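To keep things clear, I will list the structure first and then write my remarks on it.
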Amino acid sequence: MSCVCILTPVVIAAWPAFSAAVMAAASSLGYTLVEATQEAEEFALESKTVNRVDLEVPQSEVVLDTLHRDQRISVSREGVTVTFGRDARGKASLCVSGEGCTEAELRARGEELSRRFVQKYVYQRLMEEMRSRQFVVVEEETCDNHAIRLKVRHWES
Amino acid sequence: MRQREFEITIGPDGSVEVHVNGYKGKSCLEAVKLFEQIVGSVQEQRLTSEYYDPEEPVRNRIEQRSD
């Protein structure tokens, strides 16, 4: 081994990659896709029993094209709905809401999903880049702590 | 052909640790740059003894053509 480096991820994604990572993260944590209606969102905003927490994904930027402007994805599990979107500054954002949940519970759920989203985004980006460079993934495993381990080889003449 | 190998761990929070194998000398820094472009900023970097080994020699073959 000649060196070891630790990198902090930066998420810069167009809508297709962003939504693919959201869906991969959500399904790995048992969330299912829901149709977020205008009425449901208005109810959540006005209701006194439905708490709501807004979070943002650090070091992120969602690149929009004209086809996907204002698009959002909502996923739900055990009465908690998380809506991923893009805030006014272009960062990836999450709105977590749930009836009868405390703000701390919602924040914890949102942060868990946000971390898993970043992990899935990084995994997809790495796999795509490795393939395009014709590097070969010879080993892949998910550890008990949910870390993903990859062993990648390539040959240089 | 030289074999290069990367052991990549993507943590539960998305942070990435890469062990770079098969490079000698400073050439491993090019591999680090590649991962920096793909993933994000380098937070920490540790060099191992192989880093201080002599650089791999560059082998060129020169052919002379008569035409």
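In what follows, chains carry the letters A, B, and so on, assigned in the order in which the sequence lines appear, proteins first and then strands, with residues in each chain numbered from 1. Only a predicted model underlies this, so the values are computations on that prediction, with no experimental measurement involved.
Interatomic distance, CG of A:Leu150 versus CD1 of B:Ile8, reported as 5.5 Å (0.5 Å rounding). For the atom pair CG (B:Leu34) and CE (A:Met130), the distance works out to 5.5 Å, reported to the nearest 0.5 Å. For the atom pair OG of B:Ser41 and CG of A:Leu7, the computed distance is 7.5 Å after rounding to the nearest 0.5 Å. One distance of note links NE2 of A:His154 with CZ of B:Arg2; it measures 11.5 Å at 0.5 Å rounding.
Residues A:Phe18 and A:Leu29 fall within the same hydrophobic cluster, defined by Ile, Leu, Val, Met, Phe, Trp and Tyr side chains chained together at heavy-atom separations under 4.5 Å. Under the 4.5 Å side-chain heavy-atom criterion for grouping Ile, Leu, Val, Met, Phe, Trp and Tyr, A:Ile6 is not connected to B:Val39 through any hydrophobic cluster. A:Phe135 and A:Val137 end up in the same hydrophobic cluster when Ile, Leu, Val, Met, Phe, Trp and Tyr side chains are linked at under 4.5 Å. In the hydrophobic cluster analysis, where Ile, Leu, Val, Met, Phe, Trp and Tyr join through side-chain heavy atoms closer than 4.5 angstrom, A:Met23 is grouped together with A:Phe84.
Counting non-hydrogen atoms of other residues, nucleotides and ligands closer than 6.0 Å to CZ of A:Arg77 gives a total above 12. Within 6.0 Å of the CD atom in A:Glu141, the count of heavy atoms belonging to other residues, nucleotides or ligands exceeds 12. When the shell of 6.0 Å around CD of B:Gln3 is examined, it contains more than 12 heavy atoms from other residues, nucleotides or ligands.
Nearest heavy atoms, B:Val32 versus A:Cys3: CG2-SG, 3.7 Å. Between B:Thr9 and A:Ala147, the closest heavy-atom pair is CG2-CB, 4.1 Å.
The candidate from B:Gln37, B:Glu36, B:Glu17 with the greatest count of non-hydrogen atom pairs under 4.5 Å with chain A is B:Glu17. When the candidates A:Val118, A:Thr8, A:Val10 are compared by the number of heavy-atom contacts under 4.5 Å with chain B, A:Thr8 comes out ahead. Contact count versus chain A (heavy atoms, under 4.5 Å) is highest, among B:Ala31, B:Gly14, B:Ser15, for B:Gly14. For the options B:Leu47, B:Val42, B:Val18, B:Leu29, heavy-atom pairs under 4.5 Å to chain A are most numerous at B:Val18. Interface summary for chain B: among A:Lys151, A:His146, A:Glu129, A:Arg149, the most heavy-atom pairs under 4.5 angstrom belong to A:Lys151.
Residues of residues 119-127 of chain A placed with any heavy atom under 4.5 Å of a heavy atom in chain B are listed by number as A:Gln119, A:Val122, A:Tyr123, A:Arg125, A:Leu126. Listed in order of number, the residues of residues 53-62 of chain A that approach chain B to under 4.5 Å between heavy atoms amount to none.
Proximity of A:Glu128 to B:Ile38: side-chain heavy atoms (C-beta onward) are nowhere separated by under 4.5 Å.
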(message) If you apply the rule side-chain contact (heavy atoms from CB on, under 4.5 Å), what do you find for A:Val4 with B:Glu44, and how did you get there?
(response) CA-CA 8 Å; A:Val4 180; B:Glu44 195 185 321; over 6 Å; no
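Looking at A:Arg116, the atoms closer than 4.5 Å to chain B (heavy atoms on both sides) all sit in the backbone: N, CA, C or O.
For the pair A:Ser2 (side chain) and B:Tyr23 (backbone), a donor-acceptor distance under 3.5 Å is present.
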